[in-house]
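Notes for the one structure printed next.
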Amino acid sequence: MHVYFHYRVNLFLSRAFVNHLRKKMYGSLNPQQYEAVTADIHKPLQIIAGPGTGKTKVLTSRVAYLLIEHKIPPSNIIVTTFTKKAANEMVERLQTLFVKENLDPSKYLKGLLIGTFHSICVKLLRRYGTLIGLSSKFKIADEQDSNTILNKVLTSLSDDVIRLKVHPSSVSIDIYQKDAKETDKLDGYDLKKVKSQISKLKSLTTTPQIYSATSARSFDLAVIYSLYQESLRKHNLIDFDDCLLYTYLLLSETKLKGVVLLKELKHVLVDEFQDTNKIQMELLYLLGRCTEDQKFEDNVTVVGDSDQSIYMFRNAVASNFENMITHYQNCQQITLKENYRSTSNILNFSEQIMTQQKDRKQKSLRSQKSHLNIPIVYVRTQNTFKEADHIASEIAKLGLMPSLLTNYNDIAILLRSSFQSRVIEQSLVTNRIPYEVVHGRAFWELKEIRVAMDYLRAVVNDSDKLAILRTLNFPPRGVGNKTLQKLEELIDKSNCSVIETLEMAIDDKKNGFLNVKSENGVSQYIDILKECGKLLDSGSLDCETSLEACFDQIVKLANLKEIKKTLETSKRTHDSEIALKAVEENLNEFKRQLVEYKPIIDQIITTETDDTSLTPRDVLSNFLDSIDLYETSNNENKKDSKKGRVTISTIHGAKGLEWPVVFIPGCTDGVIPSKWTLEDNGPNSSTNLDEDRRCFYVALTRAKSLLYLSSYKERSTPWSGEESNEVSCFLKPTLKLFQEQLVTSISKMSRNSWKDLYEAMGKEYKSVSKVLTESNRSRDHIVSTKDFLQSKQFKSPLLNKSTSAPTYVPDRSNHKRRRLGVRRRI
DNA sequence: CGACAGGGAGTTTTT
DNA sequence: CTCCCTGTCG
């Protein structure tokens, strides 16, 4: 009643205002977008949004529509995004939207539940996990933790289990090493394979109990799965997939009643729907049923594009689109067809590639830039060095064109695999082109980062057994493996915290539990932790400063900067200095992430946890969780230079992004599509090939104006000589069809194309002929790029001698500077 | 029992 | 080239 009244009054008072809003906020939407944003909110909705069709805009507007026009409280809405970055971006967009309309964003957004599926699930589990017997203090197992645990399970399997391998009614699943040796500790199991099978089971909502009760199962896998899960529980850990699995259990086992937070849930929105897996699909169905108000049942909106499904390897099922249609009888579907991103050449080219896939619905995207005719640049080079130099030289040329390119941020180089980056980075360095490698997990897997993480974990939680055992003797303090094992046994028996147990071991001199060397090592270690812990709790410093102080102290006391030296005592090349610097830079980057860490923009998610300042300890603990959820924000280092940097990223990392200029090197069989896909002759081979093709499609459709493709004939690998490679089988047929629209370099483009390029880039056309003549004078750009750039005749706005080296280069530790292909003249 | 040196194996994509 | 594992020395 009350609510109803309130609603009417508001509606009455502000009709004019709402109309005004409608015009302003939705005026920029095209008819299909508008339809999607304002579609019946009491029905399930699918929005099929091909590349560049304004997906984020539509999703954001729909959230705003729910908040403003339907007056749904933000805390009754859940939005799942693919990454934390995407979540932050949405919040930002919403904020600006509200600010523009003179509305207080915090009022409209406070309590909005937005984030990745995983982080939302963890939030629910922290609050309601006890309902399904989960400790509220659980931690998330990182990759290392779950590897250690699984490894232990596999090394201590009893003979009974091993005998199950050959049990006649056991379903055979490949979880074994290729050529197991007699002496193998893991009894012939392949840790990675086992892990991925367990992960697969979890993604299918299969618990160990369910799996063990299934008749068609692998007998030994069932046991291993149970043991693994048991061990996680003993450590008070949940792994990555468990975040979803436990939430699924929480919501499905009638316990739902206890989940107060979701009783008034009124809408669930899912971004990047094509990348959801089975359990996420099920979670969506469950979430749709949480509400106690029937009117709001099944109010879900999903957005995605099955052509961009590139996470099948992570158990994503693009057929969730069809699944959803069958699940709801009244599901509405709206397709967005206007493409605002790419020129029609790029769009047609990528569509042509996709027609190779069988059983695919043809897309009829319309380019809003169809009047522009800019060719696609394609070259086939002799080897990867030449390819890299070609890229550098083209970037340099772009930079020299009068007022065409004002910022390197407009350029991206997209790779299928991260190993491709090495050669390219070298060429960019030589040519003084600033770049930035967007690192996915790679950064967090660096030794120094992992160790720093473990120390932080040990400081923040004196019972983090795994982290403590890993750091206790790293760097070496005289506590060897034998002692570590003994200590672990002691810890497992003890009721005290891990650190207390260690202290007891030191004091227990009568039994001579530790030898002198070990004793010293352990007490030294405990001192380090105490010392650093003090800095966290001092209270006199503000949060950021104490976190920074704590981190610095860890680096200092644990001597983390010397890590590389510890690891390779023998090698003393002059490269060790470079390695040292790299370690230092990486640690600094990590520190920056720590100090600048913010949960999700401005903590719109403060709900009822009193935001009366979290202690440094809490913040640190949240930070560590967010890393385990792969939630770290990619650094946005825009401030350090007005000229920006070229982005180097994997295609997977480039999802949802766009650039005016995109390079896709390695359009070569073995890279795109990858070697593994090509060599696979199994039953899934064509499905896998399709996924690689979609990956290529995603890469192509990131480009707005200028698309560069290249393939190479040979790749020399340091330890296996030369490999020769065909042009990508995706590209071959299409190249012929598009012959007319291809050039080998921008210097071969026609005058009209140049004009179009300038227009596409939003710049006023300036004659480029002078630059081109000069550049053509030297016969071979590849050889002369560098000299050409340094010639005084043309001052590039983008290049100068002080261009700094890249901020961060992933583990470049010992790599010797190779002589670049540039030098091999004649 | 711990530190160290030398051999063998291995390279997708990541929430 | 670099990580991990194993065998030997102090």
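Each chain gets a letter, A, B and so on, in the order the sequences are listed, and its residues count up from 1.
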(request) From the options B:dT14, B:dC1, B:dT12, select the nucleotide whose nearest atom is closest to the side chain of A:T483. (result) B:dC1
(request) Between A:N481 and A:E143, name the one whose nearest nucleotide on DNA chain B is closer to the 5' end. (result) A:N481
(message) Quick check for you: among B:dT12, B:dA3, B:dT14, whose closest atom lies nearest to any side-chain atom of A:P476?
(response) B:dA3
(request) Mind calculating the distance between CG (A:L472) and P (B:dG2) to the nearest angstrom? (result) 11 Å
(message) When you measure from the side-chain N and O atoms of A:N473 to the phosphate of B:dA3, is any distance below 4.0 Å, counting only OP1 and OP2?
(response) yes
(request) Measure from the side chain of A:F240, starting at C-beta and using heavy atoms only, and say which of B:dT14, B:dC1, B:dT15 lies closest. (result) B:dT15
(request) Take the protein atom CG of A:L191 and the nucleotide atom C1' of B:dA9, then report the distance between them rounded to whole Å. (result) 16 Å
(request) Taking the six-membered ring for Trp and the single ring otherwise, decide whether the centroids of A:Y525 and A:F474 are under 6.0 Å apart. (result) no
(request) Using side-chain contact (heavy atoms from CB on, under 4.5 Å) as the criterion, point out the one residue from A:D241, A:D239, A:L204 that pairs with A:S199. (result) A:D241
(message) Does a side-chain N or O of A:S518 approach OP1 or OP2 of B:dG2 to a distance below 4.0 Å, or not?
(response) yes
(request) For A:G480 and for A:S674, locate the closest nucleotide of DNA chain B by heavy-atom distance; then report the residue assigned to the nucleotide nearer the 5' terminus. (result) A:G480
(request) Take atom CZ of A:R477 and atom P of B:dC4, then tell me their distance rounded to the nearest Å. (result) 15 Å
(message) If you go through the side-chain atoms of A:H652, does one of them form a donor-acceptor pair with the base of B:dT14 closer than 3.5 Å?
(response) no
(message) Can you identify which nucleotide, out of B:dT14, B:dT15, B:dG2, has its nearest atom closest to the A:T650 side chain?
(response) B:dT14
(request) May I have the distance from A:F474 (atom CZ) to B:dC4 (atom P), rounded to whole angstrom? (result) 12 Å
(request) Tell me, please, which residues at least two apart from A:D190 pass salt bridge (charged side-chain N to carboxylate O under 4.0 Å, His left out). (result) none
(request) Please report, rounded to the nearest Å, how far the C1' atom of B:dT15 is from the CD1 atom of A:I238. (result) 14 Å
(message) Should A:W676 be counted as stacked on B:dT12, where stacking needs a ring-centre gap under 5.5 Å and an angle between planes under 30 degrees?
(response) yes
(message) Distance check needed: B:dT13 C1' versus A:R694 CZ, whole Å only.
(response) 13 Å
(message) Quick check for you: among B:dT15, B:dT12, B:dC1, whose closest atom lies nearest to any side-chain atom of A:R416?
(response) B:dT12
(request) May I have the distance from A:R450 (atom CZ) to C:dC4 (atom C1'), rounded to whole angstrom? (result) 12 Å
(message) Would you say A:S418 places a side-chain N or O within less than 4.0 Å of OP1 or OP2 belonging to B:dT13?
(response) yes
(request) Check step by step if salt bridge (charged side-chain N to carboxylate O under 4.0 Å, His left out) holds for A:E489 and A:K486. (result) CA-CA 5 Å; A:E489 278 166 32; A:K486 270 184 0 192; over 6 Å; no
(request) Calculate the interatomic distance between A:M312 atom CE and B:dT15 atom P; express it in whole Å. (result) 18 Å
(message) Under 4.0 Å, counting only non-hydrogen atoms across every strand here, what does A:F313 touch: a base, just sugar-phosphate, or nothing?
(response) base
(message) Less than 4.0 angstrom between a side-chain N/O of A:K192 and OP1 or OP2 of B:dT11, yes or no?
(response) yes
(message) Are A:W444 and A:Y630, when compared by the centres of their aromatic rings, separated by less than 6.0 Å?
(response) no
(message) Checking A:Y176 now: which residues fulfil ring pair (Phe, Tyr, Trp, His ring centres under 6.0 Å) with it, not counting sequence neighbours?
(response) A:Y189
